[in-house]
Amino acid sequence: MAYSGLDPQDWEAFRAKAHQMLDAAVDQMADAAGRPWQPLPEDLSTRYAIGQSGDLVKRLTEDVLPHHGGNIHPRFWGWVQGTGLASDLLASMASAAVNANLGGRNHGANEMERVVIDWTRSRMGLPEGASGVFVTGTSQATVLSFQAARVRALEGLRRYGQDGRRLTAYAGAGVHNATSKALELLGIGSGNLRSVPLLDGRIDSEALRHMVQEDRKAGALPFLLVGTAGSVDLGLFDDLNALADAAAEEKLWLHVDGAFGAWTRLAEQPYRGLSDGIGRADSIALDFHKWFYVGYDCGLCLMRSEDEHRAGFAARPAYLEGAARGLAGGEPWFCDYGIDLSRGNRAIKVWAALEMFGEEAFARAITENCRQAALMADLVTAEPDMALAHPVVSNICAFTARRDLPPEAQSRLNSEIAQNLQESGEAVFSTTRAGGVQVLRAAIANHRTRESDIRAAIAAVSREASDLQLPDTCAG
């Protein structure tokens, strides 16, 4: 039998199937409220077994679409995960048809990425000429940022390594684990991350200065300060202007973890003010797939200095040499700004979203999520047995369902409520620790959420808190 390649043999038949798949995908998004997370069927791995062939669209519709992670649902607040947008479907079709590699060369996708980077740069307040590169997410952006900071701190680093120098980094207590991971991956070690005490939920700048001075006396080389714009547990923000002042005085690279909280730059006041000063950072890590709602994965690393960005990564072997014209043109190439040579077009999802909905729609959605978190806090406070773990600052509300119980019993109850509501499909909360208690946590980064969802979810928590029977050992 002659080789026929991997394209469909009947494009019209494929077109009909593709239309069926598009209809199923649109139905999934249009009916997101009716499709909460559900426990996986026991035979799902068998259904996914390779080699069964058959009707692919039927298998995708019946065995893939129903078994999502829950974040498309309007009452999903368990973790900071974006909900996905209808524009993602259109962008993904165009992206799949073109199949662009954004490592470099002269084609349109690279120009699109540059446009979206520049739009984001301006919204974050970085100067013209600042640099950026799309990445999988904030974790990867953090690694890139720390590498650039390390190259600035140690001359000859890329060729000779740290040469025995002990670098120290500084972050507030409770900083995201991505910071520790990045330091470990770069060979600096998480043991050289100094945990700075918090004052009113923010890095204590005076304590920071004292720690830096003590480390210098001990022979270390302080090089990096990490500020947080939206902490994972409670949605807290460092005073980024104060950190920028301290970083300048102590000659530290200022990196801001803005995974979701950076997007308060689009929100109305008072929420916009939470991230004031972010434009003074040397680098910013943020995600579009969180509080900008687009589909996974879509993160961005921004750096104030393009020269320092390139200094950390640029390396062009002979087979990747550019040219004055033709396909090998199109300088600069994105492979000189990160660790990936093969890169998909993540920027197209952001571009399509902005073109379809407009910037103002995102500003309203982000602001509304903050107001919904405040509403949830009000409803919790109005319940006689519930209590907030911390006042709501941005879009995260953490609380206990029964403050009248001992800490161990509260923790057990809150955990049971979270699991029960997840399995019933009524709402998805996660849990975290606050004040020695495992509390319920709602991270509201969901454009489909409405006020009625907030009210229904708190009513369900109240019902569960009354109905659940705890063992006597936990009830006190």
Side-chain angles (χ1 to χ4, degrees), residues 91 94-95 98-159 182 186 253-256 258 262 278-279 281-288 297-352 354:
S95 183
V98 171
N99 190 30
N101 179 354
L102 280 78
R105 289 160 287 270
N106 189 18
H107 54 104
N110 287 317
E111 293 306 312
M112 177 178 286
E113 182 161 341
R114 292 184 187 108
V115 166
V116 178
I117 288 170
D118 193 60
W119 177 85
T120 312
R121 169 207 62 77
S122 68
R123 298 311 183 269
M124 293 300 124
L126 288 172
E128 289 188 16
S131 185
V133 64
F134 270 77
V135 291
T136 56
T138 288
S139 293
Q140 186 178 343
T142 301
V143 175
L144 301 190
S145 299
F146 290 9
Q147 170 66 356
R150 194 169 64 140
V151 169
R152 178 206 274 183
L154 291 173
E155 186 177 352
L157 173 89
R158 289 185 63 181
R159 182 173 292 273
L186 292 170
W253 178 289
L254 176 60
H255 173 75
V256 174
I278 195 170
D282 292 293
S283 58
I284 303 169
L286 56 85
D287 290 326
F288 291 93
D297 55 38
C298 194
L300 183 64
C301 175
L302 290 171
M303 295 198 201
R304 170 174 293 274
S305 167
E306 182 172 6
D307 289 343
E308 289 185 318
H309 193 170
R310 283 181 59 87
F313 305 98
R316 198 75 69 83
Y319 74 95
L320 291 178
E321 286 183 5
R325 56 192 178 85
L327 187 55
E331 292 285 354
W333 288 19
F334 282 112
C335 62
D336 288 333
Y337 295 84
I339 59 176
D340 295 325
L341 176 56
S342 299
R343 309 174 61 250
N345 189 356
R346 297 183 175 100
I348 193 172
K349 290 180 284 190
V350 181
W351 181 85
L354 286 167

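Predicted, not measured: the structure shown is a model, and the values here were computed from it.
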Do you know which two heavy atoms are closest between [X] and [Y], and how far apart they sit?
| X | Y | result |
| --- | --- | --- |
| Lys349 | Ala91 | CA-CB, 4.1 Å |
| Glu321 | Ala328 | O-CB, 4.2 Å |
| Ala347 | Val116 | O-CG2, 3.9 Å |
| Thr136 | Asp297 | O-CB, 3.3 Å |
| Met303 | Ser145 | CE-CA, 3.7 Å |

Does any non-hydrogen side-chain atom of [Y] lie less than 4.5 Å from one of [X]?
| X | Y | value |
| --- | --- | --- |
| Gln147 | Leu186 | yes |
| Glu113 | Val133 | yes |
| Met112 | Leu102 | no |
| Leu341 | Leu320 | yes |
| Pro332 | Arg310 | yes |
| Asp118 | Arg121 | yes |
| Arg343 | Cys335 | no |

### Query
With a 6.0 Å cut-off on ring centres, are Phe288 and Phe134 close enough?
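Ring centres of Phe134 and Phe288 closer than 6.0 Å.
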